[in-house]
K.L.:
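The structure is given below, and queries will be raised subsequently.
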Amino acid sequence: MDYEYSAKSNSIILRQPDFDLDETLDCGQAFRWVKTAENEYSGALLSRPLVIRCLDKADGVFELCGTTEEDFLGVWQEYFDLATDYGELKRRFSEDETLSKACAFAGGIRILKQDAWEALSSFIISQNNNIPRIKGIIGRLCEHYGGYPSIEQLADETPESLGFLRAGFRAKYLTDAVEKLRSGEVSLDRARTLPTDEARAELMKIKGVGPKVADCAMLFGLYRIDAFPKDVWVKRVMAQYYPDGLPECVRGVEGIAQQYLFHYIRSISK
DNA sequence: TTCCAGGCGTATC
DNA sequence: GATACGCATGGA
């Protein structure tokens, strides 16, 4: 990894190929990044804020503002999945025609390794909903709590008390998740160590968590890159391009292929 | 007005 | 196991 830390400005200069801010931060895998200027986003992991700016698109140069070297190495390096070679993955995917087009279309997508609770709760909110409204609900949640609320912070909430979110029927799913995670009936740490199928079943004990939400929570929150969330868009891709199933080249990294395909089909459908 | 959105619970067969 | 329908909300 190629980076320099400036103690004077408390920022990191990072050289990173295969990384586009719009394609990664505004593609519907995380909902709290705000585009604050051209080539600049402001966001957070839990309550740790960050401004990230692209200084040179062609050469892949980024500035991460307001972060110590310790935070960069301990938090953001993992969050932006900097240790994974996406160039190598894209070469692997290039043997499939549709994936090849998808990677060429948005080659700067990366998987964000998010907090497990934030990913799970965000995708509970996402069901039968559109991305602008998901962002609105999560924005009201964070505004109310001064940051993304922990499971414990939500302990006393009821579907009624969460009415300010305007989350509709999803409010009762959030409180069920909080209840089952607090009681230990469901455990994210347990899910972390279980095989993918059993982890999915563990998460699906929560009301409002079906196969798709569970797969998103696993892919973005537990970094199970073999999870392949099938939403309405990916179902369209499957019906149109892969009626006989996914190609061999995505085996084991289905979740990463899913992100390229999701972005591609949404873009060409507009 | 109707349709749709990073689905799921429930009823029914 | 598969299929049909309702669900809160808000933008197109």
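As a basis for the values below, the full set of heavy atoms in this structure was taken, side chains included, without hydrogen atoms, waters or symmetry mates.
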K.L.:
Where does the angle between the aromatic ring planes of A:Phe105 and A:Tyr264 fall among parallel (under 30°), tilted (30 to 60°) and perpendicular (over 60°)?
P.N.:
perpendicular

K.L.:
Between the protein and nucleotides 1-3 of chain B, list the N/O to N/O atom pairs that are separated by less than 3.5 angstrom.
P.N.:
none

K.L.:
Same cluster for A:Ile52 and A:Leu73 if Ile/Leu/Val/Met/Phe/Trp/Tyr side chains link at under 4.5 Å?
P.N.:
yes

K.L.:
Say whether, by atom type as modelled, one donor and one acceptor occur between the side chain of A:Gln153 and the main chain of A:Ser150 under 3.5 angstrom.
P.N.:
yes

K.L.:
Answer yes or no: is there a donor N or O on one side and an acceptor on the other, between the side chain of A:Lys90 and the main chain of A:Gly107, under 3.5 Å?
P.N.:
yes

K.L.:
Test your reading of the model: is there a side-chain donor-acceptor pair from A:Asp2 to the backbone of A:Arg15, 3.5 Å cut-off?
P.N.:
no

K.L.:
Spell out, as yes or no, whether a donor-acceptor pair under 3.5 Å connects the side chain of A:Lys230 to the backbone of A:Lys212.
P.N.:
no

K.L.:
Apply side-chain hydrogen bond (donor to acceptor under 3.5 Å, both in side chains) to A:Gln114 and list each qualifying residue two or more places apart in sequence or on a separate chain.
P.N.:
none

K.L.:
Looking at every strand, decide which applies to A:Arg170 at a 4.0 Å heavy-atom threshold: base, sugar-phosphate, or nothing.
P.N.:
base

K.L.:
Applying side-chain hydrogen bond (donor to acceptor under 3.5 Å, both in side chains), which residue pairs with at least one partner in residues 71-81 of chain A are found, sequence neighbours left out?
P.N.:
A:Trp33-A:Tyr79, A:Arg48-A:Asp71, A:Asp81-A:Thr84, A:Asp81-A:Tyr86, A:Asp81-A:Tyr223

K.L.:
Output the residues of residues 114-135 of chain A in contact with DNA chain C, where contact means a heavy atom of the residue under 4.0 Å from an atom of the strand; sort by number or write none.
P.N.:
A:Asn128, A:Asn130, A:Arg133

K.L.:
List, by chain and number, the other hydrophobic cluster members for A:Leu55, where Ile, Leu, Val, Met, Phe, Trp and Tyr join if side-chain heavy atoms come within less than 4.5 Å, directly or indirectly.
P.N.:
A:Ile13, A:Val61

K.L.:
Applying salt bridge (charged side-chain N to carboxylate O under 4.0 Å, His left out), name anything that partners A:Asp197, two or more places apart in sequence or on another chain.
P.N.:
A:Arg200

K.L.:
Among residues 154-169 of chain A, which residues get a heavy atom nearer than 4.0 Å to DNA chain C?
P.N.:
A:Arg166, A:Gly168, A:Phe169

K.L.:
Between B:dA11 and C:dA8, how far apart are the P atoms? Round to whole Å, please.
P.N.:
15 Å

K.L.:
Could you tell me from which nucleotide to which nucleotide of DNA chain C, 5' to 3', there is an atom under 4.0 Å from chain A heavy atoms?
P.N.:
C:dC7 to C:dG10

K.L.:
How long is the span from the OH atom in A:Tyr260 to the CG atom in A:Leu99, to the nearest 0.5 Å?
P.N.:
9.5 Å

K.L.:
Would you say A:Glu202's side chain and A:Ser187's backbone share a donor-acceptor pair under 3.5 angstrom?
P.N.:
yes

K.L.:
Is there a residue in residues 96-108 of chain A whose heavy atoms reach under 4.0 Å of DNA chain B, and which residues are they?
P.N.:
none

K.L.:
Using a cutoff of under 3.5 Å, can you pull out all pairs of nitrogen or oxygen atoms linking the protein to nucleotides 11-13 of chain B, with atom names and distances?
P.N.:
none

K.L.:
For the CD atom of A:Glu152 and the CZ atom of A:Arg182, what is their distance to the nearest 0.5 Å?
P.N.:
4.0 Å

K.L.:
Using atom types as modelled and distance alone, determine if a side-chain donor or acceptor of A:Arg170 lies under 3.5 Å from a backbone N or O of A:Asn128.
P.N.:
yes

K.L.:
Name the residue from A:Thr67, A:Thr68, A:Asn10 that meets the side chain to side chain donor-acceptor pair (under 3.5 Å) definition with A:Tyr5.
P.N.:
A:Asn10

K.L.:
How do A:Lys207 and A:Gln29 order along DNA chain B: which one's closest nucleotide is nearer the 5' end?
P.N.:
A:Gln29

K.L.:
Could you give the distance from CD1 (A:Ile256) to CD1 (A:Ile225), rounded to the nearest 0.5 Å?
P.N.:
4.0 Å

K.L.:
How long is the line joining NZ of A:Lys212 and C1' of B:dA5, in whole Å?
P.N.:
11 Å

K.L.:
To the nearest 0.5 Å, how far apart are SG in A:Cys65 and CD in A:Glu40?
P.N.:
6.5 Å

K.L.:
In this structure, would A:Leu112 and A:Ile12 fall into the same cluster of hydrophobic residues linked by side-chain contacts under 4.5 Å?
P.N.:
yes

K.L.:
Among residues 216-245 of chain A, which residues get a heavy atom nearer than 4.0 Å to DNA chain C?
P.N.:
none

K.L.:
For residues A:Glu157 and A:Ser161, is any side-chain donor paired with an opposing acceptor at under 3.5 Å?
P.N.:
yes

K.L.:
Are side-chain N/O atoms of A:Thr196 and A:Arg224 paired as donor and acceptor at under 3.5 Å?
P.N.:
yes

K.L.:
Strictly below 4.0 Å, heavy-atom distances to any atom of DNA chain C: list the hits from residues 197-204 of chain A, or just say none.
P.N.:
none

K.L.:
Under the salt bridge (charged side-chain N to carboxylate O under 4.0 Å, His left out) criterion, do A:Asp22 and A:Lys35 qualify, and how do the steps go?
P.N.:
CA-CA 8 Å; A:Asp22 291 326; A:Lys35 188 166 185 162; 3.0 Å; yes

K.L.:
Going by atom types only, do A:Tyr241 and A:Glu97 share a side-chain donor-acceptor pair under 3.5 Å?
P.N.:
no

K.L.:
Between A:Phe123 and A:Phe220, is the gap from one ring center to the other below 6.0 Å?
P.N.:
yes

